[in-house]
Every structure is written in structure tokens, then in C-alpha cells.
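First comes the structure, then the notes that go with it.
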Amino acid sequence: RGIAYFSAPLKSAETAGDEAEITVFDTTSAAVEFHVQGHHVVVSSPHPDGTRNIVEVWELSNDTTVTVVRKDTLAPVWTHPLPAGATKFAGGPGDVAAAAIVMRGDSVALLSVFGPGVKQLSYTYTLPTASFPLSLPIAKPTSVLELLVEEAGGQVTGSTLRSTAAATTQGRTFKRWLGQNAEKGQVVRITVPTTSATLRARVLIGIATLILLAMAFALVRALRARGSRATTLEQAPSRDALLASIASLDARRERGDDTITDAQYTERRARLKSQLAALVASEGRPV
């Protein structure tokens, strides 16, 4: 069925005992729960654009006596959620071929057969600055949980994690947190320092916000001024409108309109005449 098992090479022409023992396992396509013997997360220092590389290493244990195979070409034998915003995913070295570790949607999927015993697998991906502070939920009980952060200002909290001595590899130093027997449902929170790229982005956003607020304020003032000018124009009729109003008032008086009294007629006509005189004076031309 295309399943291969590899052992250490036999160095002698004739081999007996435990080294020569061959063990054969049955297979199953039923769901098998792998136990998490170890989960290690490494957070690198940021790139110039603020993104960070993340490495996850797992030690998974198949405690049954059968090899787990996929039901079909699409069904994985193991999955785990990835953080939101993860990109540039790639399978890494371990006991499982890198090509068998793929990203599907928001999760990582293992497409390889998995025999009894413990196997190590790893993968990498990139996270943007916006993903931090990063929360990593514990999906299954984990015997050993380890977090390494390259930045001196990085902090990790949650679960059973405790800060330990820093780890150094290939000239790079990582702050280290270690925990045991992490329970399902617990959450690990990773906080990293603000990068210069993030700071620049926040400054630009702040400046853009101030500009938008200033533009909105200016627009409101312009609209209010326009409305005020419109009201002023409405309250100050034109010369022809005033003359027409006086003529209409006189016509009502001449035809004996009993809806307007003598006092009202006199008061309205005096007011219209006053407005007309003021308008004529402002225009500087005779009536």
C-alpha cells in the first residue's frame, strides 16, 4: 500500500537479536488521537518590514499498535490551527517529509502515514506585526511546552510556562520559557516590542487621522458659513421683491381687503419702505 518503514543500517554481514527483529503493524483509516509529547515555538526577530518568522516543532505520539493512513487523498491524519495572518508556510525537517506538511485554509495538515511511536515534525510561516500580541491556544494536553523569543524585549505568559536560562544557537540568543503538562484550553500570549516599521505606520496613521479631522472640520465650517449666507440672502429680499411687496400691499388696501387692518397696513408698509431704503443706500443708486 505504499507504506515504508526504515530502520538503522545493519553494519554486520550477519545480524541477530534485537537488531534483526522485524516488526509489522496493521493499518487503520479511523481517527486516532495523537498525544503531544512536545510542542516548541520559536519567534524570530523582525524583518525590516516588521514581519517575523515562526517555527513550530512537534513531537507527536501514536500510542496504538496500528499505522494511521488517510481515508482518501484529501483527508489528513493530523491537523492544527495556524494563527490568523500566517503566510509563506513551508514544511520543515523531521521524521515526516516536508512535502507531507501543508497549509490548508487556516490550519496545518499532515498528509503522511503515521506508525506507532513518536515522530517529530516541523514547519515555518511568517506573521505580520498586526498579529502581535499573539495568542496561541493549547488544543490538546501537552507534556512539554517550550517558547523561544529572539528579541530581548519579548515576553511570554500563560499556561505552566516559566522563564528559564536563555538559549544560544548559531550566534543567536533566544529568551526561553518552559512548561510541563499544559492543559487543553489554556492560552499562551506572546508579546514583542514595537518595531520601527510599526511605529512609522502608527505615526502615518495618526497624521492621516489628524488631516482627515481637519478637513472634516473645515468642511463643516464651510457648510455652516454657506448656510448662514443663504439665510442672510433669504432675510434680505432684492430691490424688485421689496417694490413688488409694497405694490401688493397697496393693491390689497385699495380693493378693501378686510383681512388687514389700517394699523397692520401702516406698520407693514413702513417696514418694507425701511428695508427698501436700506437696500438702496447699500447699493448706492437712487430708487
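From a predicted model like this one, the values you see are computed outputs, not experimental measurements. For reference, positions follow the sequence shown, starting with 1.
- Side chains of Ile101 and Val108 form a contact here, defined as non-hydrogen atoms less than 4.5 Å apart.
- For residues 98-124, the pairs satisfying side chain to side chain donor-acceptor pair (under 3.5 Å) are Glu56-Tyr123, Trp58-Tyr123, Glu59-Gln120, with sequence neighbours left out.
- There is a path of hydrophobic side-chain contacts, each under 4.5 Å, that joins Leu136 to Val149.
- Expressed to the nearest 0.5 Å, how far CZ of Phe34 lies from CG of Asp63 amounts to 10.0 Å.
- When hydrophobic clusters are built by joining Ile, Leu, Val, Met, Phe, Trp and Tyr residues whose side-chain heavy atoms come closer than 4.5 Å, directly or via intermediates, Leu110 is grouped together with Val41.
- Counting heavy atoms from C-beta on, the side chains of Asp26 and Thr65 never come closer than 4.5 Å.
- Ser44 places a side-chain N or O within donor-acceptor distance of the main-chain N or O of Asn53, the cut-off being under 3.5 Å.
- The shortest non-hydrogen separation linking Gly154 to Pro193 is N-CD, 4.0 Å.
- Counting only distance, with no hydrogens or angles, the side chain of Thr64 and the backbone of Pro116 share no donor-acceptor pair below 3.5 Å.
- Here the closest heavy-atom approach between residue Phe174 and residue Thr169 is recorded as CE1-CG2, 3.8 Å.
- With a 6.0 Å radius and a threshold of 12 heavy atoms from other residues, nucleotides or ligands, Glu267 has its CD atom above the threshold.
- Side chains of Gln155 and Pro133 form no contact here, defined as non-hydrogen atoms less than 4.5 Å apart.
- Contact between Gly85 and Pro128 at its shortest, heavy atoms only, is O-CD, 3.4 Å.
- Between Ala86 and Met103, the closest heavy-atom pair is O-CE, 3.5 Å.
- Note that CG of Leu161 and CD of Gln180 are 11.0 Å apart. Values are rounded to the nearest 0.5 Å.
- The line from OG1 of Thr129 to CG of Asp49 is 7.5 Å long, rounded to the nearest 0.5 Å.
- A distance of 10.5 Å separates CD of Glu183 from CD1 of Ile138, quoted to the nearest 0.5 Å.
- Residues Val55 and Tyr125 do not share a hydrophobic cluster, clusters being chains of Ile/Leu/Val/Met/Phe/Trp/Tyr side chains in contact below 4.5 Å.
- Here the side chains of Leu178 and Val144 are in contact, with some heavy-atom distance below 4.5 Å.
- Between Leu127 and Pro83, the shortest heavy-atom distance links the atoms CD2-CB, 4.0 Å.
- The backbone N or O of Gly115 sits less than 3.5 Å from a side-chain atom of Asn62, completing a donor-acceptor pair.
- Residues Asn181 and Thr160 form no side-chain contact, since every pair of their non-hydrogen atoms from C-beta on lies 4.5 Å or further apart.
- Phe114 is not connected to Leu111 by any chain of hydrophobic side-chain contacts under 4.5 Å among Ile, Leu, Val, Met, Phe, Trp and Tyr, and they are in different clusters.
- Of the residues Val96, Val69, Val68, Leu60, the one that meets the side chain to side chain contact (heavy atoms under 4.5 Å, CB included) test with Val77 is Val68.
- Phe89 is connected to Ile54 through a chain of hydrophobic side-chain contacts under 4.5 Å among Ile, Leu, Val, Met, Phe, Trp and Tyr, so both are in one cluster.
- In this structure, the separation between NZ on Lys184 and OG1 on Thr142 is 11.5 Å, given to the nearest 0.5 Å.
- Sorted by first and then second residue, the salt bridge (Lys or Arg N to Asp or Glu O under 4.0 Å) pairs involving residues 156-179 (not counting sequence neighbours) are Glu146-Arg176, Glu150-Arg172.
- Among pairs with a residue in residues 70-96, none fulfils side chain to side chain donor-acceptor pair (under 3.5 Å), at least two apart in sequence or across chains.
- Between Thr164 atom OG1 and Leu148 atom CG the span is 7.5 Å, to the nearest 0.5 Å.
- The heavy-atom pair separating Leu74 from Pro76 by the smallest distance is O-CD, 3.3 Å.
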